[in-house]
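Lettering follows sequence order; numbering is per chain, from 1.
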Protein chains: 2
Amino acid sequence: MTVRWTIVKPFERARRPVSAREQRQVASDAGLSKQRVVVEAVRLADREGVDGLSMRRLAGALGAGAMSLYHYVASKEELLDAMIDIVFEEIELPPEGTDWQSAMRRRAVSARRVLACHPWAIGLMESRTSPGPANLRHREAVTACLRRAGFTVLMATHANWLLDSYVYGFALQEASLPFDTAYEFADMAEDVFLPQLPPDEFPYLNESAAALVAAGYDPAEEFIFGLDLVLAALEPLRASA
Amino acid sequence: MTVRWTIVKPFERARRPVSAREQRQVASDAGLSKQRVVVEAVRLADREGVDGLSMRRLAGALGAGAMSLYHYVASKEELLDAMIDIVFEEIELPPEGTDWQSAMRRRAVSARRVLACHPWAIGLMESRTSPGPANLRHREAVTACLRRAGFTVLMATHANWLLDSYVYGFALQEASLPFDTAYEFADMAEDVFLPQLPPDEFPYLNESAAALVAAGYDPAEEFIFGLDLVLAALEPLRASA
DNA sequence: TACTATGAGCGTACACTGTACCATGACCGT
DNA sequence: ACGGTCATGGTACAGTGTACGCTCATAGTA
């Protein structure tokens, strides 16, 4: 067990009493800390899936004993909560200084990208009920953007629900698809889907799969299409102040 | 171990050779069968959450030994797949003989209701990649409805993605909310949310929570609002044959 | 009726999980 | 020098999915 200890900078200690635990939180590359534990947990889940994430393996990846993690995380549940909040931290906030549609489009695109990078996050959301700080900050920024664009409180709520539903639902569907690019889609459709879709039982699905392959359908463009449709549909709800 | 054996109806045996295993599949209230195993698994997950569903507990609920389940299900993964497909079976297909918007509204409302009854299903979808038979039948019916309404293959695909994203995403968000009714929302907002949303840090969220409570906001109506907005936005994509 | 093949049911065992409890030993302030 | 604090992790326990192989009721055959 190679445990390296943080050297506390003197002036920090001079300013106010700092517990050893707090010092750890600041330390970035030495010793353990809640940061380091959660970040490594995210990395592990990205690599091996959420089922491959066990306290023992996580501890192993950190060069520590399993029980040590419980000094930074009360339980695995809390660890999962913290992991989700890290994911929310990665999502871009809607930028200020542009029209609301551009701002929301940007943050939606960012959210989709982040959720695609951490597919396990979607599946975890269902079971955790209380939003973390990054989640709250994100919601605040989004609501601010909508309200400043002239949406009433009620309409901003509607817009929020609709946009988030679309983004999460899209990410959820995307996570359960075995292809990403147009090339992979064409490949899988011809070799896997079409044989499973006999035209007498699934005439329409068969037709769709065949036609989409022929047209060179690219699933990567799907997200923007629906997003812009939703944004356009929301525009009239705005009390154009 | 009270194992009751199926009495095979003679005329069934006369018609063609039927293995004992197949007879079990048909039997509804005696012995085990894949049906019975999966249905009981769904019930158990509804009652105790998906984390409370273990092979041993499921076996216990069926009055059987743990290893007996593996005669009907190759692995727990396959069990989970089958459970999801049962959920899809519960969702109403879009009815024929009405305009496409009414049909899609009906099936979307049904889907939301079913997913709200089985919240664990949403969290499971992320990890399973191959759709079951009920899922395929459902997709076929939806695509048929859209194509008959005059959507091209490509536009029907867009509509499908958008509608499903909305439904799944809404269900996902709903599953992670601790309230259902307007009364519960008002209660929780005042006692739990507002204290966590200091106006200097979260001015807009604070304002929203307060205003929504004052207006008697009912989260149950939220779904239809967004759904109708989406349906209206899709209408112009239709090549009104 | 006796014999055999089949296959449902499940007891046992193994590697693994989350985590409660407790011992260790380094660091700090006095 | 000493006592208190606290990060660390070893051990243990209940519970997990499931591989293996046994029992024994049944169906089919002779």
- Could you point out which residue of A:Arg106, A:Arg113, A:Arg107, A:Arg112 forms a salt bridge (Lys or Arg N to Asp or Glu O under 4.0 Å) with A:Glu92?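 When A:Arg106, A:Arg113, A:Arg107, A:Arg112 are each tested with A:Glu92, the salt bridge (Lys or Arg N to Asp or Glu O under 4.0 Å) holds only for A:Arg106.
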
- Indicate yes or no: does A:Glu78 engage A:Arg128 in a salt bridge with an N to O separation below 4.0 Å.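 So A:Glu78 does not pair with A:Arg128 through a salt bridge.
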
- Item | Earlier contact from the 5' end, DNA chain C, for B:Met67 and A:Ser75 |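 Final value for this comparison: B:Met67.
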
In this structure, how many angstroms lie between the [atom2] atom of [N] and the [atom1] atom of [X], rounded?
X: B:Lys76; N: D:dA19; atom1: NZ; atom2: P; result: 14 Å
X: B:Leu32; N: C:dA8; atom1: CG; atom2: P; result: 10 Å
X: B:Lys34; N: C:dA8; atom1: NZ; atom2: C1'; result: 17 Å
X: A:Glu48; N: C:dT17; atom1: CD; atom2: C1'; result: 16 Å

Does [N] have OP1 or OP2 under 4.0 Å away from a side-chain N or O of [X]?
X: B:His71; N: C:dA8; result: yes
X: B:Ser68; N: C:dA8; result: no
X: B:Tyr72; N: C:dG9; result: yes

- Can you check whether any acceptor in the base of D:dG17 is under 3.5 Å from a donor in the side chain of B:Arg56, or vice versa?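 Present.
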
- Message: I want to confirm an ordering. Mapping B:Ala74 and B:Arg57 to their closest nucleotides on DNA chain D, which one lands closer to the 5' end?
- Response: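 Result of the comparison: B:Arg57.
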
- Query: So, A:Tyr166 versus B:Tyr166, ring centres under 6.0 angstrom or not?
  - Reply: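 No, they do not, as the ring centres are separated by 6.0 Å or more.
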
- Aromatic ring proximity, centroids under 6.0 angstrom, A:Tyr168 and B:Tyr168: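 No, they do not, as the ring centres are separated by 6.0 Å or more.
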
- Task: Mind checking B:Leu62 for me? I need base, sugar-phosphate or nothing, with any heavy atom below 4.0 Å counting as a touch.
- Result: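 The residue B:Leu62 makes no contact with any strand.
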
